[in-house]
> 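Pasting a structure here, questions to come.
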Amino acid sequence: MTDRQIGEKMYGLCGRIFPICRSITGNGVRETFKILQEEIPDIPFEMHEVPSGTQVLDWTVPKEWNIRDAYIETPSGKRICEFKKSNLNILHYSLPMDRMMPLSELKEHITTLPDQPDLVPYASSYYKERWGFCMSHNEFESLEEGDYHVFIDSTLEEGSLTYGEILIKGETDEEIMFSSYTCHPSMANNECSGPVLLTALARYIKDMPKRRYSYRLVLAPETIGAITYISRNLDHLKSHVKAAFNLTCVGDDRTYSIVHSRYADTLADKVLTNVLKNHYPEYKD
């Protein structure tokens with residue numbers, strides 16, 4: 001397969017997972033994993049479910065959130081902020097809601113970006129139970145006075161957090177680790193690009209004629225997923241992983257960039273810096 005064909009295949013995969021409503025838990029994450037598994041059916045892709053309430057270091061796995069529909073109906077009967085048109089319109093982890101309220105009350109539950117008035121922001125409330133919507137600031141400013149019908153068909157209940165893991169064995173048990181995130185919805189660069197690149201990387205590693213190291217690839221929701229994974233695998237990570245890389249925001253046409261470790265002195269820092277200095281010196285440090 002040529003580089004162009006590989007790129008087109010990756011772009012197509014981005015298109016498949018882009019519309020899925022993902023959060024730090026829920027069926028959208030599982031649906032995304034199912035699609036990624038279809039791309040590499042000959043590579044073992046192990047799924048893990050960690051129950052809500054599980055203590056992970058000094059954090060706790062939250063309740064599972066799923067959503068089917070949401071919208072606001074204006075006094076004139078027009079539906080706005082429709083979840084089925086864009087899953088960015090809902091504050092993620094919103095509680096269910098079905099009632100009428102005046103504009104003054106509704107405005108307290110709407111998030112906008114006044115400095116980017118044409119854009120719909122992404123917002124969430126993982127650890128504080130509330131509800132809300134997101135819209136452009138221009139639309140917010142144009143809302144008419146009157147009573148609005150707010151409808152959110154969601155659930156927030158005991159469930160689990162999902163993460164996925166691939167291990168491709170090499171000649172030794174020393175491991176190189178790659179990770180990325182599976183939580184943000186409808187944001188191609190910040191979310192789709194990482195899992196898609198990780199999936200393509202798994203295929204590349206699997207097809208390598210010779211592998212000195214073993215390779216571990218992990219997909220998990222940002223922050224709480226990473227903390228969960230570390231809490232369950234800390235001893236192994238300390239004893240086996242020689243270098244680790246996180247892949248995120250790798251889908252745009254801007255320069256490559258590195259966010260270093262705390263002291264920028266790990267093997268991963270040195271390897272990546274050396275590679276980019278030699279192959280893409282315009283990278284951003």
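As the structure is a prediction and not an experimental result, all values here were calculated from the model.
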> Side-chain donor-acceptor pair under 3.5 Å between E175 and H236, yes or no?
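Looking only at side-chain atoms, H236 and E175 do form a donor-acceptor pair, the distance falling under 3.5 Å.
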> Is it true that the side chains of Y93 and T25 contain a donor and an acceptor less than 3.5 Å apart?
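There is such a pair between these side chains.
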> Which pair of non-hydrogen atoms, one from S160 and one from R30, has the smallest distance, and what is that distance?
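Reported closest heavy-atom pair: OG-NH2, 3.1 Å.
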> Verify side chain to side chain donor-acceptor pair (under 3.5 Å) between H48 and E165, making sure each step is shown before the conclusion.
CA-CA 8 Å; H48 301 267; E165 186 172 24; 3.2 Å; yes
> Say you draw a straight line from CZ of R130 to CE of M97; how long is it, rounded to the nearest 0.5 Å?
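With rounding to 0.5 Å, CZ (R130) is 12.5 Å from CE (M97).
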> Kindly give the cluster partners of F151, where membership spreads through any ILVMFWY side chain lying under 4.5 Å from a current member.
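Hydrophobic cluster check, F151: joined to Y71.
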> Measuring from K9:NZ to T199:OG1, what's the distance to the nearest 0.5 Å?
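Those atoms lie 10.5 Å apart.
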> Before you tell me yes or no, could you show the steps for E105 and R99 under salt bridge (charged side-chain N to carboxylate O under 4.0 Å, His left out), namely the whole-Å CA-CA distance, both residues' side-chain angles and the distance that decides it to 0.1 Å?
CA-CA 12 Å; E105 181 180 354; R99 69 180 182 87; 2.3 Å; yes
> Output yes when R16 and E39 qualify as a salt bridge under the 4.0 Å nitrogen-oxygen rule, no when they do not.
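Counted as a salt bridge, because a side-chain N and a carboxylate O are separated by less than 4.0 Å.
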> List the steps and the verdict of salt bridge (charged side-chain N to carboxylate O under 4.0 Å, His left out) for E129 and K63.
CA-CA 10 Å; E129 293 192 0; K63 293 179 181 179; 3.7 Å; yes
> I need the minimum non-hydrogen distance between P121 and M135, along with the two atoms involved.
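Scanning both residues completely, I find the closest heavy atoms to be CD-O, 3.5 Å.
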> Say whether H137 and D115, considering side chains only, have a donor N or O and an acceptor N or O under 3.5 Å apart.
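Side chains of H137 and D115: no pair found under 3.5 Å.
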> Determine the sole option in I205, T172, I176 for which the side chain to side chain contact (heavy atoms under 4.5 Å, CB included) test with R211 is passed.
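Single pass found, and it is I205.
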> Charged N to carboxylate O below 4.0 Å: is that the case for R4 and E8?
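Salt bridge between R4 and E8, a charged N being under 4.0 Å from a carboxylate O: yes.
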> Would you say the side-chain atoms of E282 and T255 include a donor-acceptor pair closer than 3.5 Å?
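Distance-only check fails for E282 and T255.
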> Taking side chain as C-beta onward, heavy atoms only, is K277 less than 4.5 Å from T273?
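A side-chain contact exists here, since the closest heavy-atom pair is under 4.5 Å.
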> Output, in order, the C-alpha distance, side-chain angles, deciding distance and verdict of ring-ring contact (aromatic ring centres under 6.0 Å, His included) for Y122 and H92.
CA-CA 8 Å; Y122 165 66; H92 279 233; 5.4 Å; yes
> Please say whether more than 12 non-hydrogen atoms of neighbouring residues, nucleotides or ligands are located less than 6.0 Å from CG in D235.
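Not buried by this count: 12 neighbours or fewer within 6.0 Å.
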> How long is the span from the CZ atom in F33 to the CD1 atom in I17, to the nearest 0.5 Å?
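Reported to 0.5 Å precision, the distance equals 10.0 Å.
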> Taking atom types as modelled and ignoring hydrogens, do the side chains of S136 and D118 form a donor-acceptor contact shorter than 3.5 angstrom?
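No.
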> Just wondering, do T223 and Y126 contact through their side chains at under 4.5 Å, heavy atoms?
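In short, these two side chains do not touch, never coming nearer than 4.5 Å.
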> Looking only at side-chain N and O atoms, does D3 offer a donor or acceptor that is under 3.5 Å from a partner on Q5?
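The criterion, which ignores hydrogens and geometry beyond distance, is not satisfied for D3 and Q5.
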> Any salt bridge linking R203 with D42? Criterion: basic side-chain nitrogen under 4.0 Å from a carboxylate oxygen.
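Salt bridge: yes.
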> So which atom in N27 and which in N66 form the shortest heavy-atom distance, rounded to 0.1 Å?
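Result for this residue pair: N-OD1, 2.7 Å.
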> Would you check if there is a donor-acceptor pair between the side chains of Y163 and R232 at a distance under 3.5 Å?
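On atom types as modelled, these side chains qualify, holding a pair under 3.5 Å.
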> With rounding to the nearest 0.5 angstrom, report the OG1 to CD distance, T228 to Q55.
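These two atoms lie 10.0 Å from each other.
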> Using the six-membered ring wherever Trp is involved, compare the ring planes of F178 and F245 and label them parallel, tilted or perpendicular (cut-offs 30° and 60°).
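Ring orientation, 0 to 90° scale: parallel.
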> What verdict does the side chain to side chain donor-acceptor pair (under 3.5 Å) test give for N87 and S186, after you've listed the backbone C-alpha separation in whole Å, the side-chain angles of each residue and the deciding distance to 0.1 Å?
CA-CA 7 Å; N87 52 47; S186 297; 2.8 Å; yes
> Work out which heavy atom in W65 is nearest to a heavy atom in L91; give both atom names and the distance.
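Closest heavy-atom pair between W65 and L91: CZ2-O, 4.3 Å.
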> With no hydrogens and no angle check, do the side chains of H260 and D265 hold a donor and an acceptor under 3.5 Å apart?
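Looking only at side-chain atoms, D265 and H260 do not form any donor-acceptor pair under 3.5 Å.
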> Would you call K78-E144 a salt bridge at under 4.0 Å N-O?
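Result for this pair is no, no salt bridge flagged.
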> Grab the two heavy atoms, one from S94 and one from G132, that are nearest each other, plus how far apart they are.
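The answer is OG-N, 3.1 Å.
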> To the nearest 0.5 Å, tell me how far C134 SG sits from I110 CD1.
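Taking SG in C134 and CD1 in I110, the distance rounds to 9.5 Å.
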> Tell me which one of T32, T182, V29 satisfies side chain to side chain contact (heavy atoms under 4.5 Å, CB included) with I20.
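When side chain to side chain contact (heavy atoms under 4.5 Å, CB included) is applied between I20 and each of T32, T182, V29, only T32 qualifies.
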> Closest heavy-atom contact between V250 and N189?
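What the structure gives for the nearest pair is N-OD1, 3.4 Å.
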> Could you give the distance from CD1 (I166) to OH (Y215), rounded to the nearest 0.5 Å?
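One finds 14.5 Å between CD1 of I166 and OH of Y215.
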